[in-house]
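The basis for the numbers below is simple: all heavy atoms, side chains too, and nothing from hydrogens, waters or symmetry mates.
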Amino acid sequence: MIEVYTWEPNANSGKPLFCLSEKGVPFTHHYVDMGAHEHFSPEFLAINPDGTIPAIVHDGFVMTESTPAMEYIDEVFEGPSLRPEDPFRRWEMRILMRYMDNVVAPSLAMIASNRLAAPRFVGQDPAELRAQLDRIPLPERRTAWEKLMFQSTSEEEIAESERRVAEAIGRFDAILERHPWLAGEEFSLADIGVFATFYGLSQARPAEVNESKTPNLLRWLRRCHERPALQAAFRIGRGFIGQRAAEIRQQLSVSEATVR
Ligand SMILES: N[C@@H](CCC(=O)N[C@@H](CS)C(=O)NCC(=O)O)C(=O)O
């Protein structure tokens with residue numbers, strides 16, 4: 001039996017959900033409400049002491065890193081293979097997932113959280129904020145939250161994150177000019193890893209991601225959004241990411257797949 005603890009089908013939480021859906025593997029889903037700080041609750045910390053999501057538990061074996069967890073799922077369960085057979089393509093898949101996890105996703109998260117989360121802390125009691133920080137187990141997450149809570153992210157840091165995201169958009173568009181999917185001719189975990197964070201890019205960054213500047217990336221986004229398994233996975237959760245995904249499909253003229 002496989003149990004998956006995630007927030008909405010978005011970013012790291014989206015990865016195992018998209019992967020399991022693509023493979024057609026049944027699983028038990030537990031919603032962890034990040035807005036209510038449930039990832040720092042004693043119940044969740046007993047599963048993942050780092051207090052990060054997702055967590056995936058297979059027959060008692062706990063996985064807390066979403067990218068290796070996807071490789072595990074692909075290896076252990078039946079269903080279509082999501083890793084290229086060819087060693088070079090598999091290497092490319094892994095390099096792209098690493099680039100996404102280490103460089104691109106943290107940059108996008110920094111930009112989004114400074115825009116959306118940081119303003120919410122203005123005027124709040126500093127002692128209360130410090131108490132909230134004390135509950136965060138990982139020092140790097142604590143530092144990131146401290147910067148948000150006390151608005152101390154520098155303009156240079158934001159600019160560097162913007163530069164990294166712009167570079168990634170160009171890099172992915174160039175790769176997708178050569179083949180339909182990120183690691184070659186077949187859909188793979190690299191597509192899931194990037195799509196989980198990039199699915200809304202044409203809506204969030206229309207000046208950068210559009211028909212004239214990034215035609216290949218846009219075609220790929222449409223191709224991903226068309227996949228019935230990804231559409232189905234967007235329906236997991238409380239609905240607000242699912243609603244957003246539906247709006248993006250409409251904007252991209254992607255039709256709704258038959259409900260499975
Ligand atoms: N390397 C981990 C990262 C997990 C992670 O950072 N998840 C975010 C949500 S996308 C999280 O739990 N953040 C908690 C926080 O910032 O407090 C993975 O890939 O699973």
Working note: Val57 + Ile2, criterion side chain to side chain contact (heavy atoms under 4.5 Å, CB included); need CA distance, chi angles, decisive distance, verdict. CA-CA 6 Å; Val57 186; Ile2 186 154; over 6 Å; no

Should Val165 and Ile111 be marked as a side chain to side chain contact (heavy atoms under 4.5 Å, CB included) after you check the CA-CA gap, both sets of side-chain angles, and the distance that decides it? CA-CA 10 Å; Val165 171; Ile111 295 164; 4.0 Å; yes

Mind running side chain to side chain contact (heavy atoms under 4.5 Å, CB included) on Trp181 and Arg223 for me, showing each step along the way? CA-CA 9 Å; Trp181 300 105; Arg223 242 180 252 129; 3.7 Å; yes

Dump the intermediate steps for salt bridge (Lys or Arg N to Asp or Glu O under 4.0 Å) on Arg238 and Glu8, then the final yes or no. CA-CA 7 Å; Arg238 297 204 173 150; Glu8 294 289 310; 5.8 Å; no

Please assess Asn210 against Thr214 for the test side-chain hydrogen bond (donor to acceptor under 3.5 Å, both in side chains), listing each intermediate value before the final yes or no. CA-CA 6 Å; Asn210 55 49; Thr214 58; 5.1 Å; no

List the steps, then state whether side-chain hydrogen bond (donor to acceptor under 3.5 Å, both in side chains) holds for Ser154 with Glu157. CA-CA 5 Å; Ser154 68; Glu157 284 172 297; 3.2 Å; yes

Assess whether side-chain hydrogen bond (donor to acceptor under 3.5 Å, both in side chains) is satisfied between Asp191 and Trp220, documenting all intermediate values. CA-CA 9 Å; Asp191 299 292; Trp220 172 84; 2.8 Å; yes

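To the nearest 0.5 Å, atoms CZ (Arg142) and CD (Gln132) are separated by 14.0 Å. Rounding to the nearest 0.5 Å gives a distance of 9.5 Å between CG of Asp33 and NE2 of His37. Atom CE of Met149 sits about 10.5 Å away from atom CD of Gln151, to the nearest 0.5 Å. Distance CE/Met97 to CG/Asn102: 11.5 Å, rounded to 0.5 Å. Rounded to the nearest 0.5 angstrom, Ser41 OG and Glu43 CD are separated by 4.5 Å. For the atom pair Leu148 CG and Leu133 CG, the distance stands at 9.5 Å (nearest 0.5 Å).
Under a 4.0 Å N-O distance rule, the pair Glu226/Arg249 does not qualify as a salt bridge. The existence of a salt bridge linking Lys23 and Glu78 is excluded, since no basic side-chain nitrogen approaches an acidic carboxylate oxygen closer than 4.0 Å. Salt bridge annotation for Asp50-Arg141: absent, with no cationic side-chain nitrogen under 4.0 angstrom from a carboxylate oxygen. Taking 4.0 Å as the cut-off between side-chain N and carboxylate O, Lys15 and Asp101 count as a salt-bridged pair. With respect to Glu185 and Arg89, no salt bridge is recorded, no charged nitrogen being found less than 4.0 Å from a carboxylate O.
If you look at His30 and Phe44, their ring centroids are not closer than 6.0 Å. Ring centroid separation for the pair Trp145 and Phe40 does not come in under the 6.0 Å cut-off. Under the 6.0 Å cut-off for aromatic ring centres, Tyr31 and Tyr5 do not qualify, their centroids lying 6.0 Å or more apart.
Ring geometry for Phe172 against Phe198 counts as perpendicular: the plane angle is over 60°, on a 0 to 90° scale with 30° as the lower cut. Between His225 and Tyr199, the angle of the ring planes goes over 60°, which puts this pair in the perpendicular group of the 30/60° scheme. Ring pair His29/Phe27 is perpendicular by interplanar angle, where above 60° counts as perpendicular and below 30° as parallel.
Gln231 is listed as a side-chain neighbour of Val254, based on a closest heavy-atom distance under 4.5 Å. Residues His58 and Tyr72 have side chains in contact (heavy-atom distance under 4.5 Å, counting atoms from C-beta outward). Proximity of Gln243 to Phe234: side-chain heavy atoms (C-beta onward) are nowhere separated by under 4.5 Å. At a threshold of 4.5 Å between non-hydrogen side-chain atoms, the residues Asn12 and Ile53 do not count as touching. Counting only heavy atoms from C-beta outward, the side chains of Thr153 and Ile158 approach each other to under 4.5 Å. The side-chain heavy atoms of Leu252 and Ser202, taken from C-beta on, include a pair separated by under 4.5 Å. Considering only heavy atoms from C-beta on, Leu182 stays 4.5 Å or farther from Met93 through its side chain. Residues Pro228 and Thr258 have side chains not in contact (no heavy-atom distance under 4.5 Å, counting atoms from C-beta outward).
Of the candidates Glu162, Glu160, Glu167, Glu160 is the only one forming a salt bridge (Lys or Arg N to Asp or Glu O under 4.0 Å) with Arg164.
Cluster annotation: Ile56 and Phe61 are assigned to the same hydrophobic cluster (Ile/Leu/Val/Met/Phe/Trp/Tyr, side-chain heavy-atom contacts under 4.5 Å, transitive). Both Tyr99 and Phe195 are assigned to one and the same hydrophobic cluster, defined by single-linkage of ILVMFWY side chains at heavy-atom distances under 4.5 Å. Two different hydrophobic clusters hold Val194 and Met110 under the rule that ILVMFWY side chains link at heavy-atom gaps under 4.5 Å. A chain of hydrophobic side-chain contacts below 4.5 Å, direct or via other Ile, Leu, Val, Met, Phe, Trp or Tyr residues, connects Leu176 to Leu96. Neither Met34 nor Leu17 shares a network with the other; the hydrophobic side chains, linked directly or stepwise wherever heavy atoms of I, L, V, M, F, W or Y lie under 4.5 Å apart, form separate groups for each.
The two residues Ala105 and Thr197 have their closest heavy-atom pair at CB-OG1, 4.3 Å. For the pair Pro137 and Gly51, the tightest heavy-atom approach, listed with the atom from each and the gap, is CG-N, 4.1 Å. Taking every heavy atom of both residues into account, Cys19 and Met70 meet most closely at SG-O, 3.9 Å. Contact detail for Pro119 and Arg115: the closest heavy-atom pair is CG-O, 3.3 Å. Listed here is the closest heavy atom pair of Thr6 and Pro16: CG2-CG, 4.4 Å.
In this structure, Glu155 places its CD atom where only 12 or fewer heavy-atom neighbours from other residues, nucleotides or ligands lie under 6.0 Å away. Atom CD of Gln250 has 12 or fewer heavy atoms from other residues, nucleotides or ligands within 6.0 Å. Other residues, nucleotides and ligands contribute at most 12 non-hydrogen atoms within 6.0 Å of the CD atom of Glu186. Crowding of Arg163 atom CZ: a count of heavy atoms from other residues, nucleotides or ligands under 6.0 Å exceeding 12. Remark: Glu256 CD is packed, more than 12 non-hydrogen atoms of other residues, nucleotides or ligands lying under 6.0 Å away.
Panel note: side chain Asp173, backbone Leu217; a donor-acceptor pair is recorded below 3.5 Å. Side-chain N or O atoms of Ser21 include none that pairs as donor or acceptor with a backbone N or O of Phe18 at under 3.5 Å. Side-chain atoms of Asn48 come within 3.5 Å of backbone atoms of Thr52 as a donor-acceptor pair (strictly under, hydrogens ignored).
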